[in-house]
Amino acid sequence: METGKITDAKSIIKSGIAGALGKFYGVEIDDSMIQIYKTRRDFEGDYTLFAFPFAKISKKSPEQAAIDISGALSELNIVDSVNTVKAFVNIKMKASFWAERLTVGLNDANFGQLPRSGQRIMLEYSSPNTNKPLHLGHIRNNLLGWSVAKILEACGHEVIKVNLVNDRGIHICKSMVAWQQFGAGETPQSSGKKGDHLVGEYYVKFDREYKAQQKSLIENSGVTEAEAAVEAPIFAAAREMLRKWEAGDEATVALWKTMNGWVYEGFDATYRRLGVAFDKIYYESDTWILGKKIVEEGLSKGIFYRKDDSSVWIDLTADGLDAKLLLRSDGTTVYMTQDLGTAEQRYEEYGFDKLIYVVGNEQNYHFQALRLILNKLGHRWAEAIYHLSYGMVELPEGKMKSREGTVVDADDLIAEMQKTAREVSDELGKLNEMSETEAAATVDMIALGALKYYILKVDPKKTMLFDPKESIDFNGNTASFIQYTHARICSVLRKHGSNGFLGSNSFVKPSKKEIELIKLIEVFPETVRMAGDNLSPALIANCVYELAKEYNQFYHDYPILKEENAAIKNLRLALSYQVALTIKNGMALLGIDVPEKM
RNA sequence: GGUCUCGUAGCUCAGUUGGAUAGAGCAACAGCCUUCUAAGCUGUGGGUCGAAGGUUCGAAUCCUUCCGAGAUCACCA
């Protein structure tokens, strides 16, 4: 899924270096020899070239090679000066070079949007169960999925966002049975409860009743724990309901449709609040049968085998895994069978170049097996399957456990963040001059921005800690800080009476601080490319934060509107505009909106 | 037990895919609003990069072993 090359400052310098050193040494300079990176802050220069590869060509010491190189490079017309420290060649670019880079950025209407790649990527994320409301873990999944989709689109790929809803099975039957027994006809309309929460309550009720029945069975009938687990009447009722559902019993299917409908209404509300959406939604009730064909295929090819009880397996022990079940002895399919089937169906329908599953790392094993099995069946596109495996979200008290009631509900969390955002904004007097609609929209941006940024700034693959107190902090490395920077710039541009875009003007030479800002803006498209290659929104978050931080320093130390020199003022306005645009584009890739006032 | 992931400041995290003296935020302390938004800015303190070996000009980053944390190995999804 590599994207194309970008003509940023670094690549321009690289080709300059290749030309100059090719001439100097009289050999073709391979791209890999030019190892260049940002100069450390304590040294003079913009980029640093490592001289070791060239020492080999000239058979001189690395230090001497560095000196030779510095001579050759100072000839380049974009280079201001060169200095060497040991085997490091520090290159300082001309101020005019940076002014030119700013102009290029300003004239790029789609700054940060890379050219079309022609690749089609299917991205599966969210994939909830319909027996309980979404929680903090789902939030990480949804935010990651949405952001990665945005990033891949920015990288020029066609992205198809899909959701696979787990709407059938024993878990939903549990909620249904409990509702039948204790519900007394309660509906979201009658109780005013959100549909997914309502169904979730009955799931909990089931569990409570189930436990009570087990306890009483063990105490009164003297059965073992395992026997009690099977014999409890309410569990028997759930199993019976599943059997009826699979047999297509009308009343059961009708109840199932009604209760799932409630859940979908609830999910839709939460999805809308989170600002995520899908291009296509798959339901397990449609796909669970898929994969049986694959089982036949695997059996006939001798890749799968049938046991005496007629269950079907694949032996993956040679690949370091275990034997995996593909078909139960009663002929029904399992999760793996279904996933094999949907993958094949999706490939036939869409012919993707890449199929990405955003699923927690507890399923690493499953996806390892999935790829392996498809490979063994001879599907070349198995290589296109990628499991974007993200780490669990933990609380300061430890892991979330639904049984202990420590699960953080998605809707509650969002509501809480909105409340806090409102309080803090009010306290600071930020909403004083706003209409209620405007204030509500601003509070919304701040609250959701805080939540999204807090989660997305962490490398997806790492287990992360969600500290509620820290997540609603609006200072430091937070979305609010970045949003505030954007609002400040908008305020400056408003007062100037323009949108700050000053066309393709040529600019006066930027000062050191201004060059720092141009550099941070300049790397944005390259950062988007890296974020796409690594499927990591965290890279975008860091990049935007660095930029906002640098701008706030600049804002504090340098006048913009009050600058008397018109040419310098012009440069600073253009720079401010470009910073605001980059912040806006970057935050959009995280699914975060930025206000013009706050 | 097998497989996989992780371990960086008191806490939460970065670290440009092997580069120079490892960086931010929070928390603590000390400053800055009569000047474009103080949700901001400046400064101080804080490190055996889990440990030990190895690879090489050079390692937080790669390899080995050990220690510690987590995930997974169901006729659940």
Side-chain angles (χ1 to χ4, degrees), chain A residues 10 35 37-43 48 50 52 55 61-62 85-88 90 127 129 166 169-171 284 307 309 311-313 317 319-330 332-336 338-339 360-366 368-369 389 391-392 394 396 399 421 424-425 427-428 430 446 454 457-459 461-467 469-471 473-485 487-496 523 526-527 530 533-534 538-539 541-543 545-546 549 552-553 555-563 572 576 597-598:
Chain A
K10 201 170 174 178
Q35 294 173 38
Y37 53 96
K38 259 167 65 183
T39 300
R40 291 191 69 89
R41 60 180 72 183
D42 326 304
F43 297 89
T48 297
F50 175 51
F52 244 95
S61 71
V85 179
K86 294 187 282 187
F88 300 97
N90 299 315
S127 303
N129 290 345
N166 180 10
I170 192 76
H171 58 273
E284 279 198 15
K307 280 192 183 174
D309 62 5
S311 59
V312 176
W313 298 74
T317 49
D319 300 281
L321 304 184
D322 306 286
K324 211 64 192 158
L325 176 82
L326 294 166
L327 206 62
R328 294 194 186 96
S329 49
D330 63 7
T332 56
T333 61
V334 290
Y335 180 44
M336 179 60 83
Q338 172 203 284
D339 250 9
N361 61 15
E362 72 246 344
Q363 293 193 34
N364 285 354
Y365 188 87
H366 171 78
Q368 216 181 324
S389 158
M392 298 291 99
E394 291 182 1
K399 285 184 220 180
V424 173
S425 301
E427 215 167 285
L428 293 170
K430 298 285 187 182
I446 292 166
Y454 184 82
K457 74 175 173 183
V458 181
D459 184 342
K461 68 171 186 284
K462 287 196 173 178
T463 304
M464 71 167 287
L465 183 91
F466 187 90
D467 185 341
K469 283 202 300 285
E470 201 178 299
S471 68
D473 190 350
F474 300 129
N475 302 309
N477 186 358
T478 64
S480 316
F481 173 85
I482 296 164
Q483 288 169 324
Y484 176 70
T485 310
R488 265 182 154 181
I489 297 174
C490 288
S491 173
V492 169
L493 298 178
R494 263 197 312 275
K495 291 210 161 102
H496 179 249
V523 296
E526 172 64 13
T527 306
M530 279 175 57
D533 288 350
N534 294 317
L539 299 179
N542 284 325
C543 168
Y545 171 66
E546 289 294 321
K549 193 168 143 64
N552 276 319
Q553 292 169 8
Y555 180 91
H556 184 265
D557 295 337
Y558 298 82
I560 301 166
L561 296 175
K562 288 182 168 31
E563 171 58 46
R572 290 182 184 165
S576 298
K597 291 180 194 167
M598 72 181 271

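Chain identifiers are assigned alphabetically (A, B, ...) following the order of the sequence lines, protein sequences preceding nucleic acid strands; residue numbering begins at 1 within each chain.
Among the atoms of the strands shown, base atoms are found under 4.0 Å from some heavy atom of A:Tyr558. Here A:Ile446 lies in heavy-atom contact (under 4.0 Å) with a base. Heavy atoms of A:Pro62 sit nowhere under 4.0 angstrom from any nucleic acid atom. Among the heavy atoms of the strands lying under 4.0 Å from A:Met464 are primed sugar atoms or P, OP1, OP2 only; no base atom is included. Within 4.0 Å of A:Asn534, counting heavy atoms only, lies at least one base atom of the nucleic acid. At a threshold of 4.0 angstrom between heavy atoms, the contacts of A:Asn90 include nucleobase atoms, whether or not backbone atoms are also involved. At a threshold of 4.0 angstrom between heavy atoms, the contacts of A:Glu284 are confined to the sugar-phosphate backbone, with no base atom among them. Heavy atoms of A:Ile560 sit under 4.0 angstrom from at least one base atom.
Taking the six-membered ring for Trp, A:Tyr545 and A:Phe481 have ring centres closer than 6.0 Å.
By the ring-ring contact (aromatic ring centres under 6.0 Å, His included) test, A:Tyr555 pairs with no residue at all, sequence neighbours left out. Residues passing the ring-ring contact (aromatic ring centres under 6.0 Å, His included) test with A:Tyr454 are A:Phe466, sequence neighbours excluded. Evaluation of the salt bridge (Lys or Arg N to Asp or Glu O under 4.0 Å) rule for A:Glu470 yields no partner, not counting sequence neighbours. For A:Ser389, the side-chain hydrogen bond (donor to acceptor under 3.5 Å, both in side chains) test picks out A:Asn364, with sequence neighbours left out. Remark: A:Glu546 engages no residue in a side-chain hydrogen bond (donor to acceptor under 3.5 Å, both in side chains) (not counting sequence neighbours). Contacts of A:Asn361 classified as side-chain hydrogen bond (donor to acceptor under 3.5 Å, both in side chains), with partners at least two apart in sequence or in another chain: none. Judged as a ring-ring contact (aromatic ring centres under 6.0 Å, His included), and not counting sequence neighbours, the contacts of A:Phe52 are A:Phe50. A:His366 meets the ring-ring contact (aromatic ring centres under 6.0 Å, His included) test with A:Tyr335; sequence neighbours excluded. Judged as a side-chain hydrogen bond (donor to acceptor under 3.5 Å, both in side chains), and not counting sequence neighbours, A:Ser471 has no contacts.
Ring-to-base geometry places A:Phe52 in a stacked arrangement with B:C57 (centre distance under 5.5 Å, plane angle under 30°). Ring-base stacking between A:Phe481 and B:G40 is not satisfied when judged by a centre separation under 5.5 Å and a plane angle under 30°.
When the P atom of B:G40 is taken as reference, atom CD of A:Gln553 falls 13 Å away, rounded to whole Å. For A:Lys461 and B:U17, the NZ to P distance is 14 Å, given to the nearest whole Å. The OH-P distance, from A:Tyr335 to B:A77, rounds to 9 Å in whole Å. At whole-Å resolution of the value, NZ in A:Lys38 and P in B:A20 are 13 Å apart. The CG-C1' distance, from A:Asn361 to B:A77, rounds to 16 Å in whole Å. The separation between A:Asp459 atom CG and B:C13 atom P is 11 Å, rounded to whole Å. The interatomic distance linking A:Leu561 (CG) with B:U37 (C1') rounds to 12 Å, in whole Å.
Here B:A20 is the nucleotide among B:A39, B:A20, B:U37 with the atom lying nearest to any side-chain atom of A:Thr48. Candidate nucleotides B:G7, B:A39, B:U72 were compared by shortest atom distance to the side chain of A:Ser480, and B:A39 ranks first. Checking B:A39, B:G40, B:A77 against every side-chain atom of A:Met598, the shortest atom distance belongs to B:A39. In this structure, of B:A14, B:C36, B:A39, it is B:A39 that holds the atom nearest to the side chain of A:Phe474. If you check B:G40, B:A20, B:U42 against the side chain of A:Phe88, the one that comes closest is B:A20. Checking B:C73, B:U37, B:A20 against every side-chain atom of A:Lys495, the shortest atom distance belongs to B:U37. For A:Arg328, taking side-chain heavy atoms from C-beta onward, the closest of the listed nucleotides B:A14, B:A77, B:U37 is B:A77.
In this structure, A:Ile489 and A:Ser576 approach most closely via the heavy-atom pair CG2-O, 3.3 Å. The two residues A:Ser480 and A:Met598 come nearest to each other via the heavy atoms O-CE, 3.8 Å.
Distance noted for atom P between B:C41 and B:G25: 8 Å (whole Å).
Contact annotation: side chain of A:Ser425 to base of B:A39, donor-acceptor pair present below 3.5 Å. For B:U37, the base has a donor-acceptor partner in the side chain of A:Lys430 [N/O atoms by modelled type, under 3.5 angstrom].
Between A:Gln368 and A:Val458, the residue whose closest nucleotide on RNA chain B is further toward the 5' end is A:Gln368.
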Query raised in the report: If pairs are Watson-Crick or G-U with both distances under 3.5 Å, what is the dot-bracket string of RNA chain B, marking crossing pairs with [ ] and pairs to another strand with |?
Result: (((((((..((((.....[...)))).(((((.......))))).....(((((..]....))))))))))))....
Within the sub-3.5 Å range, which N or O atoms of nucleotides 30-33 of chain B have a protein N or O partner, and how far apart are they?
none

Between N or O atoms, less than 3.5 Å apart, protein on one side and nucleotides 22-29 of chain B on the other: list the pairs.
unit_1: B:G23; atom_1: OP1; unit_2: A:Arg40; atom_2: NH2; d: 2.8
unit_1: B:A24; atom_1: OP1; unit_2: A:Arg41; atom_2: NH1; d: 3.2
unit_1: B:A24; atom_1: O2'; unit_2: A:Tyr545; atom_2: OH; d: 3.0
unit_1: B:G25; atom_1: OP1; unit_2: A:Lys549; atom_2: NZ; d: 3.3
unit_1: B:G25; atom_1: O2'; unit_2: A:Asn477; atom_2: N; d: 3.3

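For the pair A:Ser311 and A:Leu325, the minimum side-chain heavy-atom distance is below 4.5 Å.
For A:Lys324 and A:Trp313, the positive end is not near the middle of the six-membered ring at less than 6.0 Å and at most 45° from its axis.
In this entry the base of B:C33 is syn relative to its sugar, with a glycosidic angle within 90° of 0.
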